[in-house]
There are 2 protein chains.
Amino acid sequence: MELRIVVADAQELLADGLRMRLADHPDLRIVDHVTTGLGLLEWLEQDTADVVLMDVSLPLMDGIDTTRAIRTRFPQVKVLAHSALTEIEYVNSMLIEGAAGYLLKGASKEELVLAIRTVMGGGRYLSEEAQRSVERGYTHTDKRMDGQYVGLTEREREVIRFIAQEKTNAEIAAALHVSEETVKSHRKHLMTKLNVRSTAGLVKYAVDRCWV
Amino acid sequence: MELRIVVADAQELLADGLRMRLADHPDLRIVDHVTTGLGLLEWLEQDTADVVLMDVSLPLMDGIDTTRAIRTRFPQVKVLAHSALTEIEYVNSMLIEGAAGYLLKGASKEELVLAIRTVMGGGRYLSEEAQRSVERGYTHTDKRMDGQYVGLTEREREVIRFIAQEKTNAEIAAALHVSEETVKSHRKHLMTKLNVRSTAGLVKYAVDRCWV
DNA sequence: TGTACAATACCCACTAATGGGGAATTCACT
DNA sequence: AGTGAATTCCCCATTAGTGGGTATTGTACA
């Protein structure tokens with residue numbers, strides 16, 4: 001009857017903190033922690049878990065992509081998002097990719113336990129701010145208030161990475177062997193999809209997803 | 001003979017993790033944790049500490065500014081930087097502002113204890129990557145290899161905050177009641193001081209220092 | 001008491017980026 | 001065969017950003 005929990009967070013210290021908070025719940029056992037999304041997938045190849053406490057901002061493969069991979073390859077594993085980010089973009093993305101809940105890192109011990117038990121019982125758990133974020137819709141602009149999730153293409157991901165690395169359009173065009181016009185086009189699509197007004201918004205998105 | 005340690009980190013969970021890691025060192029006691037720089041200063045008004053484990057990225061007042069304030073107002077308190085950031089800009093800034101060491105968040109239990117004992121013994125402790133960062137100099141460009149720290153002025157801080165918030169020059173100019181040309185001028189100075197090539201670099205800096 | 005420097009504000013010229021509008025190609029999925 | 005997504009490229013008008021300056025004020029300090 002023991003729940004096997006894996007923590008996916010870039011900070012190992014955080015896993016220790018979670019262990020401490022679950023100390024008086026012997027049935028909720030943190031069996032291991034991984035620091036990257038890819039690491040988590042490899043771990044799940046070797047071992048089993050009931051629930052993953054998944055940060056959105058993970059190196060190598062972020063929480064959103066990793067959650068999608070888990071739904072495909074390990075559908076029996078519950079994903080409980082565990083992040084400091086409250087933006088609708090991330091909450092929404094995680095839920096669409098299959099997360100059973102979204103817990104903020106500032107949550108209390110009691111909320112942590114409640115969230116884990118809720119998702120293991122087949123329910124959905126949303127922290128208050130995550131719930132508000134979903135209800136409020138996109139904050140950056142007036143567009144896309146439907147909250148519809150639009151994924152980025154591979155090419156768009158490449159371009160936004162370069163942008164966040166302070167590359168100019170010309171440099172990106174050279175690196176991708178396309179014309180500068182194409183890069184501008186991708187940039188335009190990125191801004192529309194992510195509902196941002198400027199490069200600043202693109203950079204913050206890339207940073208949040210550890211794409212830099 | 002007990003060392004009083006205060007943890008300043010936006011994530012409370014991290015403080016719990018540190019407590020766990022120091023569990024078998026009864027003389028190293030984490031007496032409290034605060035989640036903002038301002039909160040730390042208020043705490044020090046009321047109580048005493050021997051050492052502060054200070055994250056660079058703190059809300060309200062970041063680790064760099066808070067360290068400067070501590071050196072002035074509580075010079076007897078040792079500051080040990082504890083961050084995930086390894087960029088020379090942050091390592092350098094913390095050391096110049098008076099930090100006695102720079103520890104990475106991925107450090108082991110043993111390194112944590114060593115770092116605390118070193119700074120309490122009057123020494124300076126630098127994590128390997130922090131040491132390399134200092135030696136390597138600025139990474140963004142070829143300029144400022146001397147590693148000299150250049151602080152930002154109040155006005156520059158205001159402007160970089162607006163930029164990271166996706167404001168246009170016209171909007172910033174209106175908000176500050178100056179001409180658009182002045183905003184451009186500040187932007188130029190910011191890029192030179194921070195050694196970045198584009199808005200992307202400015203945004204990342206503001207995000208790292210929790211100025212957004 | 002200069003003078004040196006930092007901070008702020010401003011101007012001009014040039015380049016880059018943004019926001020409209022399209023459009024052609026390929027490829028996958030009906 | 002048709003639809004749609006992805007990628008590629010183009011034009012044009014406007015705005016933003018970059019890099020070269022200058023002027024004023026105030027402060028620090030030799």
Side-chain angles (χ1 to χ4, degrees), chain A residues 65 68 72 93 96 138 140-144 148-206, chain B residues 65 68 72 93 96 140-144 146 148-206:
Chain A
D65 291 338
R68 183 189 304 119
T72 310
S93 298
I96 284 169
Y138 282 88
H140 289 309
T141 72
D142 295 334
K143 295 179 288 183
R144 293 252 300 291
Q148 195 196 341
Y149 172 69
V150 178
L152 303 185
T153 67
E154 273 312 306
R155 207 51 156 173
E156 285 163 352
R157 288 186 181 213
E158 288 184 274
V159 172
I160 196 175
R161 275 194 196 91
F162 279 119
I163 292 171
Q165 284 159 19
E166 303 186 61
K167 305 295 184 200
T168 64
N169 285 344
E171 287 168 343
I172 300 171
L176 299 180
H177 304 294
V178 295
S179 90
E180 211 174 305
E181 288 301 320
T182 305
V183 177
K184 287 186 183 179
S185 185
H186 287 308
R187 216 188 172 105
K188 186 170 45 182
H189 295 150
L190 281 165
M191 295 187 57
T192 306
K193 284 189 177 180
L194 299 179
N195 265 298
V196 296
R197 308 173 60 198
S198 66
T199 308
L202 296 181
V203 173
K204 283 193 285 184
Y205 184 87
Chain B
D65 291 339
R68 183 188 305 118
T72 310
S93 298
I96 285 169
H140 288 309
T141 71
D142 296 333
K143 295 179 288 182
R144 291 252 302 288
D146 56 356
Q148 196 196 343
Y149 173 70
V150 179
L152 303 185
T153 68
E154 272 312 305
R155 208 50 155 174
E156 286 164 351
R157 288 186 181 214
E158 288 184 276
V159 172
I160 195 174
R161 276 193 195 91
F162 278 119
I163 292 170
Q165 285 160 16
E166 304 185 60
K167 305 296 185 199
T168 64
N169 285 341
E171 287 168 342
I172 300 171
L176 299 180
H177 305 294
V178 296
S179 91
E180 211 176 306
E181 289 302 319
T182 304
V183 177
K184 288 185 182 182
S185 182
H186 286 308
R187 183 189 281 270
K188 182 174 44 183
H189 295 148
L190 281 165
M191 296 188 53
T192 306
K193 284 189 178 182
L194 300 179
N195 265 298
V196 297
R197 308 173 59 198
S198 69
T199 307
L202 296 180
V203 173
K204 285 193 285 184
Y205 184 86

B:R155 side chain N/O closer than 4.0 Å to the phosphate oxygens (OP1, OP2) of C:dT8? no
Closest to the side chain of A:K193, out of C:dT8, D:dT8, D:dA6, is D:dA6
Among all residues two or more places apart in sequence or in another chain, which pass the side-chain hydrogen bond (donor to acceptor under 3.5 Å, both in side chains) test with A:E180? none
Stepwise salt bridge (Lys or Arg N to Asp or Glu O under 4.0 Å) check, B:E158 with B:R155: CA-CA 5 Å; B:E158 288 184 276; B:R155 208 50 155 174; 3.0 Å; yes
Check the interface with nucleotides 10-16 of chain C: list each N/O to N/O pair with the protein under 3.5 Å, or write none.
from: C:dC10; atom 1: OP2; to: B:S179; atom 2: N; distance (Å): 2.8
from: C:dC10; atom 1: OP2; to: B:T182; atom 2: OG1; distance (Å): 2.7
from: C:dC10; atom 1: N4; to: B:S185; atom 2: OG; distance (Å): 2.5
from: C:dC12; atom 1: N4; to: B:E181; atom 2: OE1; distance (Å): 2.6

Tell me the closest heavy-atom pair linking A:A164 and A:V203, and the distance in Å. CA-CG2, 4.2 Å
Please determine if a side-chain N or O atom of A:T199 lies less than 4.0 Å away from the OP1 or OP2 oxygen of D:dG17. no
What residue among B:R161, B:H186, B:R187, B:K193 forms side chain to side chain donor-acceptor pair (under 3.5 Å) with B:E156? B:K193
Could you tell me whether the side chain of B:F162 reaches within less than 4.5 Å of the side chain of B:V183, counting heavy atoms only? no
Side-chain contact test, heavy atoms from C-beta onward, threshold under 4.5 Å: evaluate it for B:Y205 versus B:V196 and give yes or no. no
Hey, is the side chain of A:T153 poking within less than 4.0 Å of OP1 or OP2 on D:dT7, counting only N and O atoms? yes
Output the rounded distance in Å from CZ (A:R197) to P (C:dT18). 12 Å
